[in-house]
S.K.: 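Here it is, the structure in full.
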Amino acid sequence: MKETQTIETSKTSSAKTERICGSEAIIKCLIAEGVDLLYGYPGGAIMPVYDELYKYRDQIHHVLTRHEQGAAHAAQGFARISGRVGVAMATSGPGATNLITGIADAQIDSTPMVCITGQVFSNLLGTDAFQETDIIGISTPVTKWNHQVTKASEIPEVLAKAFYIAKSGRPGPVLIDITKDAQFGEIDFKYEKCTGIRSYIPTPKMNIESVKAAAELINVAKKPMIVWGQGVILGKAEEELKAVIEKAGIPAAWTIMGASAIPTSHPLNIGMVGMHGNYAPNKLTNECDVLIAIGMRFDDRVTGSLDTYAKQAKVIHFEIDPSEINKNVHADVAVLGNSKDSLTALIPLLNENSHEAWHQKFKDLYATEFEKVIKNDLHPTKEGLTMGEVLKEINIQSEGNAAIVSDVGQHQMIACRYSEFNKTKSNITSGGLGTMGFALPAAIGAKMAAPEREVVAIIGDGGFQMNIQELGTIFQQKVPVKIVVLNNEFLGMVRQWQQLFFDKRYASTEMTNPNFVAIVEGYHIEAKRVTKREELADAVKEMIASKESYFLEVCVEKEGNVFPMIPAGSSVSEIRLS
């Protein structure tokens, strides 16, 4: 939604009217929304806000990241593990444009975030003034909503709307651009939270007849299969999903964004779908008779070729965003609404079932995958360390309770495939945009939002160097995050494609890396390098036991590949084990 709408605000407000400047109003709005932590980088056009923030530093903790992209990703990590709105702030021009990658990532992964940018004086707009960019025009395609404030009087209402839009319905990022004269101007300040916007319906009303139609299809199905996504986590429907699969005995698979909603060890959890997902759920997608999609959008990495995807199945789609219905895959039954409400209504309508013969097919295909792939990843006999055995050791030492923040590449797929998740909101990664450089700052945000949790960042040597400067943020803020770099001296995922589809022409993918340990130690963070299998267990144990930040570099085999794999554009039935 982009157009300006009429705002309905809360009828009850304890705030008294007071005469303050726009910059102070911004800070007071943040405090009223419960913001106590934000990430950012100061500059000329946002300096008045930072000056006011200094006065309120006992109420809002500002984290100075080393790059604005780091601020956006840290706000994402904060939001993903806490369920709260993440907040990032930057100046105009390059400061604002440096936020864009994180904003685009948040948009496609439905992450609630409010970004505040400074802007030149309103009389200079459109004059190519120093550090002026049209950030509204730039950010329009990658925000749920954006707005430029040119008058101080607009600030409370616009920020109230920003937070409401960011967190309501299908969440997403909002950008508010505020000119410098609006920051200096004075207003009679009073803040009222936004509780509704005319013509904006964040959560569609659930149609019980659609739920009944879904239940009828499920009850007569012989080979039902569930694929759930992040909508289950965003809707806080983890227990309801568990109740559905247990009552109806339905095998349930997940997208990478849905990982951890149900514990990995649950007997009806059949693994991950998608390009590097598990063999059985991918293969049997094209054999099920009813496919139940819950809070997922049928991304191309999940479906492979749409021409051959689940054509034999009746498709039921539980979804909060009407635009996702029939966008990629036709739904025979569409159930609009929040996943928690929809599944709650579905549970009493389901018949108890077990589908034992159907489950056996998944078990048989898992056994095939174990022999040809998993055994070699987790219990290798070759000399070189594998990424899989590193994840296995982290599972052992963390007892499956760590929040895993992964970057993008081979290590990401390995982390999603082999991490053991006992708690929801434990898999934090860049899904739809695939942003290298995501993990290090996102792990900072996740750890600061949930200090009681063990947070482990899994990063490749390529992605690590994209935002390596955020080691400075870890050092200054004393964030006890654990960092694991799986170093294969390649841009591994691209190299794998070059090996399989480009006759091993490794064009611009081999990396000559620096001494990572020396760099990390320069930031006064404890660091260790592992090159041998016999060193791994003790090193991971030491890392997990540490109460401070810790860096572990593990040198893994250079040309290891991630399988299974569905070649781009192929059917899910064409998944390869080698």
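Because only heavy atoms are used, hydrogens play no part in the values below, and waters and symmetry mates are left out as well, while side chains stay in. Here the structure is a predicted model, which is why all the values come from computation and not from measurement.
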S.K.: Ignoring hydrogens and geometry, is there a side-chain-to-backbone donor-acceptor pair from Lys482 to Met543 under 3.5 Å?
M.R.: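 Checked: pair present.
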S.K.: With no hydrogens and no angle check, do the side chains of Arg297 and Gln230 hold a donor and an acceptor under 3.5 Å apart?
M.R.: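 No, Gln230 and Arg297 have no side-chain donor paired with an acceptor closer than 3.5 Å.
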S.K.: For Ile135 and Ile100, what are the C-alpha separation, side-chain angles and deciding distance, and is it a side chain to side chain contact (heavy atoms under 4.5 Å, CB included)?
M.R.: CA-CA 9 Å; Ile135 197 62; Ile100 290 295; 3.9 Å; yes
S.K.: Lys190 and Glu18: salt bridge (Lys or Arg N to Asp or Glu O under 4.0 Å), yes or no, with the steps?
M.R.: CA-CA 7 Å; Lys190 185 177 181 181; Glu18 54 181 325; over 6 Å; no
S.K.: Show the numbers, then the answer: is there a side chain to side chain donor-acceptor pair (under 3.5 Å) between Thr111 and Asp109?
M.R.: CA-CA 6 Å; Thr111 303; Asp109 282 349; 5.6 Å; no
S.K.: Taking Lys327 for the side chain and Phe298 for the main chain, is one N or O donor matched with an acceptor at less than 3.5 Å?
M.R.: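 No, Lys327 side chain to Phe298 backbone: no donor-acceptor pair under 3.5 Å.
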S.K.: Is it true that the side chains of Thr203 and Asn338 contain a donor and an acceptor less than 3.5 Å apart?
M.R.: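 No, no side-chain donor-acceptor pair sits under 3.5 Å.
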S.K.: I would like to know whether Ile428 and Ile404 meet side chain to side chain contact (heavy atoms under 4.5 Å, CB included); could you show each step before the answer?
M.R.: CA-CA 6 Å; Ile428 300 169; Ile404 302 296; over 6 Å; no
S.K.: Should Ile60 and Leu38 be marked as a side chain to side chain contact (heavy atoms under 4.5 Å, CB included) after you check the CA-CA gap, both sets of side-chain angles, and the distance that decides it?
M.R.: CA-CA 7 Å; Ile60 298 181; Leu38 68 91; 3.6 Å; yes
S.K.: Atom CD1 of Ile414 and atom CG of Leu486: how far apart are they, to the nearest 0.5 Å?
M.R.: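 Reported to 0.5 Å precision, the distance equals 9.0 Å.
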S.K.: For a quick test of reading the model, state the closest non-hydrogen atom pair linking Pro322 to Leu336 and the distance between them.
M.R.: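 Heavy atoms only, the tightest pair is CA-CD2, 3.8 Å.
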S.K.: I'd like to check Ile81 versus Arg453 (side-chain heavy atoms, cut-off strictly below 4.5 Å). Are they in contact?
M.R.: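 SC-SC contact between Ile81 and Arg453 confirmed.
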S.K.: Assess whether side chain to side chain contact (heavy atoms under 4.5 Å, CB included) is satisfied between Leu124 and Glu132, documenting all intermediate values.
M.R.: CA-CA 9 Å; Leu124 294 176; Glu132 181 200 358; 5.6 Å; no
S.K.: With a 4.5 Å cut-off on side-chain heavy atoms, are Met493 and His411 touching?
M.R.: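 The answer is no; the side chains never approach within 4.5 Å.
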S.K.: For atom CD of Gln59, decide whether the heavy atoms of other residues, nucleotides or ligands shown that lie under 6.0 angstrom number more than 12.
M.R.: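 Enclosed: over 12 neighbouring heavy atoms sit under 6.0 Å from CD of Gln59.
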S.K.: Taking the six-membered ring for Trp, are Phe464 and Phe516 parallel (under 30°), tilted (30 to 60°) or perpendicular (over 60°)?
M.R.: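 The rings of Phe464 and Phe516 stand perpendicular, inter-plane angle above 60°.
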S.K.: Is any side-chain heavy atom of Ile20 closer than 4.5 Å to a side-chain heavy atom of Glu186?
M.R.: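 No, every pair of side-chain atoms sits at 4.5 Å or beyond.
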S.K.: Go through the side-chain N and O atoms of Gln119 and Asp177 and say whether any donor and acceptor fall under 3.5 Å apart.
M.R.: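 Distance-only check passes for Gln119 and Asp177.
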S.K.: Taking the side chain as every heavy atom from C-beta outward, state whether Val174 and Met113 have any pair of such atoms under 4.5 Å apart.
M.R.: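 SC-SC contact between Val174 and Met113 ruled out.
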S.K.: Between Thr17 and Asp188, do the side chains contain a donor N or O and an acceptor N or O under 3.5 Å apart?
M.R.: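 Asp188 vs Thr17: no donor-acceptor pair found between side chains.
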S.K.: Could you tell me whether a side-chain N or O of Ser426 sits under 3.5 Å from a main-chain N or O of Ala403, the two making a donor and an acceptor?
M.R.: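 Between the backbone of Ala403 and the side chain of Ser426 there is no qualifying donor-acceptor contact (under 3.5 Å).
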S.K.: Hey, does the side chain of Thr264 reach the backbone of Phe421 with a donor-acceptor pair shorter than 3.5 angstrom?
M.R.: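 Answer holds: yes.
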S.K.: How far apart are the closest heavy atoms of Tyr41 and Ile46, and which atoms are they?
M.R.: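 For Tyr41 versus Ile46, the nearest heavy atoms are O-CG2, 4.4 Å.
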S.K.: Are the side chains of Val405 and Val455 in contact, using a 4.5 Å heavy-atom criterion?
M.R.: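 In contact.
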S.K.: With side chain to side chain donor-acceptor pair (under 3.5 Å) as the criterion, how do Ser549 and Tyr523 come out once you've worked through the C-alpha distance, each side chain's angles and the decisive distance to 0.1 Å?
M.R.: CA-CA 11 Å; Ser549 52; Tyr523 287 97; over 6 Å; no
S.K.: Determine yes or no for a side-chain-to-main-chain donor-acceptor pair under 3.5 angstrom, with Thr429 supplying the side chain and Gly431 the backbone.
M.R.: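 No, Thr429 side chain to Gly431 backbone: no donor-acceptor pair under 3.5 Å.
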S.K.: Strictly distance-based, threshold 3.5 Å: is any side-chain N or O of Asn146 a donor or acceptor partner for the main-chain N or O of Ile136?
M.R.: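 Yes.
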S.K.: Give the intermediate values and the outcome of salt bridge (Lys or Arg N to Asp or Glu O under 4.0 Å) for residues Arg84 and Asp36.
M.R.: CA-CA 11 Å; Arg84 298 167 61 193; Asp36 52 15; 3.4 Å; yes
S.K.: Within this structure, what is the CG-OG distance for the pair Asn422 and Ser398, rounded to the nearest 0.5 Å?
M.R.: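 Asn422 CG to Ser398 OG: 8.5 Å, rounded to 0.5 Å.
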S.K.: Of all the heavy-atom pairs spanning Ser339 and Gly235, show the shortest one and how long it is.
M.R.: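 Result for this residue pair: OG-CA, 3.7 Å.
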S.K.: Please check if any side-chain donor atom of Thr179 sits under 3.5 Å from a side-chain acceptor atom of Asp181, or the reverse.
M.R.: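 Yes, side-chain donor-acceptor contact under 3.5 Å.
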S.K.: Check for a donor-acceptor pair, side chain of Thr255 on one end and backbone N or O of Gly258 on the other, with a separation under 3.5 Å.
M.R.: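 Yes.
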S.K.: Establish, from distance only, whether the side-chain atoms of Glu238 and Thr424 form a donor-acceptor pair under 3.5 Å.
M.R.: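 Looking only at side-chain atoms, Thr424 and Glu238 do form a donor-acceptor pair, the distance falling under 3.5 Å.
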S.K.: Can you tell me how far the NZ atom of Lys55 sits from the CD atom of Glu24, to the nearest 0.5 Å?
M.R.: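 Result: 6.0 Å between the selected atoms.
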S.K.: Do the side chains of Lys528 and Glu553 get nearer than 4.5 Å, heavy atoms only?
M.R.: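 They are not in contact (no side-chain heavy atoms under 4.5 Å apart), so the answer is no.
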S.K.: Rounded to the nearest 0.5 Å, what's the gap from CD on Gln69 to OG1 on Thr97? Could you check?
M.R.: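 Between Gln69 CD and Thr97 OG1, I get 11.0 Å after rounding to 0.5 Å.
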S.K.: With distance as the sole test, does Glu399 use its side chain to make a donor-acceptor pair with the main-chain N or O of Asn395 at under 3.5 Å?
M.R.: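 Side chain of Glu399 to backbone of Asn395: no pair is present.
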S.K.: I need the minimum non-hydrogen distance between Ser406 and Ala415, along with the two atoms involved.
M.R.: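 That closest heavy-atom pairing would be CB-CB, 4.1 Å.
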S.K.: Show the nearest heavy-atom pair for residues Ser430 and Thr435, with the distance to one decimal.
M.R.: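 Minimum heavy-atom separation between Ser430 and Thr435: OG-N, 2.8 Å.
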S.K.: Indicate the ring-plane relationship of Tyr50 and His62, choosing parallel, tilted or perpendicular according to the 30° and 60° boundaries.
M.R.: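 Perpendicular, since the angle between the ring planes exceeds 60°.
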S.K.: Enter the distance from Met296:CE to Asn328:CG here, rounded to the nearest 0.5 Å.
M.R.: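 It is 9.5 Å, given to the nearest 0.5 Å.
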S.K.: I need the Ile256 CD1 to Asn427 CG distance, nearest 0.5 Å.
M.R.: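 The distance works out to 7.0 Å.
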S.K.: In the structure I gave you, are the side-chain heavy atoms of Val456 and Ile483 within less than 4.5 Å of one another anywhere?
M.R.: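 No - every pair of side-chain heavy atoms lies 4.5 Å or more apart.
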S.K.: Less than 4.0 angstrom from a charged side-chain N to a carboxylate O is my criterion; do Lys478 and Glu548 meet it?
M.R.: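 Salt bridge absent between Lys478 and Glu548.
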S.K.: May I ask you to check whether over 12 heavy atoms, not counting those of Ile31, lie within 6.0 Å of atom CD1?
M.R.: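 Result for CD1/Ile31: enclosed.
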S.K.: Heavy atoms, side chains only, cut-off 4.5 Å: are Thr65 and Pro441 in contact?
M.R.: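 Not touching, per the 4.5 Å side-chain cut-off.
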S.K.: For Gly437, is there any backbone N or O sitting under 3.5 Å from a side-chain donor or acceptor partner on Asn467?
M.R.: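 The answer is yes, because a donor-acceptor pair under 3.5 Å joins these two groups.
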S.K.: Between Lys167 and Glu33, does the salt bridge (Lys or Arg N to Asp or Glu O under 4.0 Å) criterion hold? Intermediate values first, please.
M.R.: CA-CA 11 Å; Lys167 65 188 176 184; Glu33 289 290 346; 3.7 Å; yes
S.K.: Does Lys144 reach the main-chain N or O of Ser110 with its side chain, forming a donor-acceptor pair under 3.5 Å?
M.R.: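 No, because the side chain of Lys144 does not come within donor-acceptor range (under 3.5 Å) of the backbone of Ser110.
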S.K.: May I ask you to say whether Lys151 pairs ionically with Glu154, meaning some side-chain N is under 4.0 Å from a carboxylate O?
M.R.: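 Result for this pair is no, no salt bridge flagged.
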S.K.: Any idea which heavy atoms bring Gly43 and Thr91 closest together, and the distance?
M.R.: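 Gly43 and Thr91 have their closest heavy atoms at C-OG1, 3.5 Å.
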S.K.: Are Glu52 and Arg57 within salt-bridge range, i.e. N to O under 4.0 Å?
M.R.: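 Arg57 and Glu52: not salt-bridged.
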S.K.: Do Asn401 and Glu420 meet the criterion of a side-chain donor-acceptor pair at a distance under 3.5 Å?
M.R.: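 Result is no, nothing qualifies.
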S.K.: Applying the side-chain hydrogen bond (donor to acceptor under 3.5 Å, both in side chains) criterion to Thr473, which one of Gln469, Gln477, Glu470 satisfies it?
M.R.: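 One option only clears the test, and that one is Glu470.
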